[in-house]
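Presented below is the structure to which this report refers.
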Amino acid sequence: MKHIDEYRDEKVISGMASTISRRKAAKPLKFMHVCGTHENAIARFGLRALLPEWIRIIAGPGCPVCICPTEDIDLASQIALEKKAAIVTFGDMMKVPATDGSLFDVKSSGGKIHVVYSPSDAVSMARENPYEEICFFGVGFETTAAPVAAAILSRPPDNFSMISSHRIIPPALELLLNRDDVAIDGFILPGHVTTVMGYSEYEDFPKKYGKGVAIAGFEPADVLLAILNLVEQVIEKDYKVFNCYRRSVTREGNRLAREAIQNVFEISDSRWRGIGIIKNSGLKLRTEFQKYDAVKKFQLRKEKESIDLNPGCLCHLIMIGKIEPPECPMFGKRCTPEFPYGPCMVSSEGTCRLHHGL
């Protein structure tokens, strides 16, 4: 515990906040993180309250549950209700609104929905129940894609399949950097994603866009160090990728994890909920693993248009940092953690859920 305590030490944190406040930039600054775990840490430890008014930290499209498109949840529902296969997924997905309701609603209607902690649990279920179809609904970024890839490489039995709703971070950042209406001064990159993938693929960003990039862990000192570094990059006009999480991240990342992802998946254009299709931002199964593709296995057909956002929901603007959750008229009224109207209110990594209260 001593190691964690050091990164949460009150004197250290207040000293870092004071240092940031003394570093005066010529204009107000807006930094974006793209990680629900960062938003959780910032909200949990009250870090925004420690920063000067001229620094604003906004959440980007970093919550995997929030950006999962409705059409993928609709496919999972179709498999459970029409094909009578068991859907196996992470707990955060259960309450996410979809076109005809959440997976909880599907379960209430008789569909088999199971919650697991890892994709290997889903493979084990398939092995232990050879006469039942088990479909793993995989969501998340590079951090979850790696164990899913490992599970596929373990050669699951024929009664196993999956829906791949995995996304990768860099194309989403490029999309935001090319939008004039977001105006970000720098990015805080997620420490776990870059632990897996390394940071070499971000090295063009500072030169191409003139924006700072800092990689951060998830303790208060980690996040403040990244903010301090970004402020200094702006003041000095010396933009780069700075690794503030050296105890975990290297430039090359985890070679085995990267190879597993590359061996199992190929890059695809993919939809992000409320944002639309982002070129080269998704992961789909390679040809040699197509027998595990649930859409092909069950010959699924899209029967109607999926609805990403309910009327009046502003999650799409929250996910790109254009507005804060309280600016949505649904926030805390029609949309609450108990009855989420939009995806950002569902997960403990969702921006609205965290603004509403942990």
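Scope of the values below: all heavy atoms of this structure, side chains included, with no hydrogens, waters or symmetry mates. Quick note: residue numbers are just sequence positions, from 1.
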So, do [X] and [Y] sit near enough that their side-chain heavy atoms are less than 4.5 Å apart?
X: Glu133; Y: Lys297; value: yes
X: Cys344; Y: Arg353; value: no
X: Asp158; Y: Lys291; value: yes
X: Val196; Y: Ile261; value: yes
X: Leu317; Y: Glu327; value: no
X: Pro69; Y: Arg167; value: yes
X: Pro64; Y: Phe90; value: no
X: Ile113; Y: Phe137; value: no

Is the closest side-chain donor-acceptor distance between Glu174 and Asn178 under 3.5 Å?
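Side chains of Glu174 and Asn178: no pair found under 3.5 Å.
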For the residue pair Thr37 / Glu349, report whether a side-chain donor-acceptor contact shorter than 3.5 Å exists.
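Yes, a side-chain donor-acceptor pair sits under 3.5 Å.
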Please find the pair of heavy atoms, one from [X] and one from [Y], that lie closest to each other, and give the distance.
X: Pro206; Y: Val241; result: CG-N, 3.8 Å
X: Leu354; Y: Ala43; result: CB-CB, 4.2 Å
X: Ala226; Y: Cys244; result: CA-SG, 3.8 Å
X: Ala98; Y: Ile73; result: CB-CG2, 3.6 Å
X: Leu225; Y: Met16; result: N-CE, 3.3 Å
X: Trp272; Y: Ile168; result: CZ2-O, 3.4 Å

Evaluate whether atom CD of Glu288 has more than 12 neighbouring non-hydrogen atoms of other residues, nucleotides or ligands under 6.0 angstrom away.
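Counting other residues, nucleotides and ligands, CD of Glu288 exceeds 12 neighbours.
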Spatial distance of atom [atom1] ([X]) from atom [atom2] ([Y]) [nearest 0.5 Å]:
X: Asp293; Y: Cys135; atom1: CG; atom2: SG; answer: 9.0 Å
X: Ile58; Y: Thr351; atom1: CD1; atom2: OG1; answer: 10.0 Å
X: Gln233; Y: Lys211; atom1: CD; atom2: NZ; answer: 12.0 Å
X: Ile267; Y: Arg286; atom1: CD1; atom2: CZ; answer: 8.5 Å
X: Leu176; Y: Ile320; atom1: CG; atom2: CD1; answer: 7.0 Å
X: Ile55; Y: Lys30; atom1: CD1; atom2: NZ; answer: 14.0 Å

Going by an N to O cut-off under 4.0 Å, is there a salt bridge joining [X] and [Y]?
X: Glu236; Y: Arg23; result: yes
X: Glu71; Y: Arg271; result: yes
X: Lys95; Y: Glu338; result: no

Pair Phe242-Leu230, side chain to side chain contact (heavy atoms under 4.5 Å, CB included): steps then yes or no:
CA-CA 9 Å; Phe242 192 85; Leu230 288 174; over 6 Å; no
Pair Trp54-Lys24, side chain to side chain contact (heavy atoms under 4.5 Å, CB included): steps then yes or no
CA-CA 9 Å; Trp54 49 272; Lys24 183 66 175 175; 3.4 Å; yes
Taking only residues at least two apart or on different chains, which pairs with a member in residues 97-110 satisfy side-chain hydrogen bond (donor to acceptor under 3.5 Å, both in side chains)?
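Checked against side-chain hydrogen bond (donor to acceptor under 3.5 Å, both in side chains) - neighbours excluded - the pairs reaching residues 97-110 are Asp74-Thr99, Asp100-Lys304, Ser102-Asp105.
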Just do the side chain to side chain contact (heavy atoms under 4.5 Å, CB included) check on Ile184 and Tyr209 with the steps written out, would you?
CA-CA 10 Å; Ile184 300 160; Tyr209 296 103; over 6 Å; no
Could you tell me how the ring of Tyr292 sits relative to the ring of Phe289: parallel (under 30°), tilted (30 to 60°) or perpendicular (over 60°)?
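If you compare the ring of Tyr292 with that of Phe289, the planes turn out parallel.
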Measure up the Phe218 and His38 rings against each other and bin them: parallel (under 30°), tilted (30 to 60°), perpendicular (over 60°).
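Taking His38 first and then Phe218, their aromatic rings sit tilted (interplane angle of 30° to 60°).
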Same cluster or not: Phe331 versus Ile42, using hydrophobic residues (I, L, V, M, F, W, Y) connected whenever any side-chain heavy atoms lie under 4.5 Å apart?
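No; tracing contacts between hydrophobic side chains, which count when under 4.5 Å, never links both residues.
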Met345 with Tyr341, same ILVMFWY side-chain cluster at under 4.5 Å
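Hydrophobic grouping puts Met345 apart from Tyr341.
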Indicate yes or no for a side-chain donor-acceptor contact from Arg251 to the backbone of Gly198 under 3.5 Å, with no hydrogens or angles considered.
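No, the answer is negative, given that no donor and acceptor are paired below the 3.5 Å cut-off.
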Side chain Asp72, main chain Ile163, donor-acceptor under 3.5 Å:
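No; judged by distance alone, with no hydrogens or angles, the pair does not exist.
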Verdict with reasoning, Val346 to Cys66, per side chain to side chain contact (heavy atoms under 4.5 Å, CB included)
CA-CA 8 Å; Val346 175; Cys66 304; over 6 Å; no
For Phe205 and Tyr202, I'd like to know if the aromatic rings sit close, meaning centre-to-centre distance below 6.0 Å.
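Centroid distance Phe205-Tyr202: below 6.0 Å, so yes.
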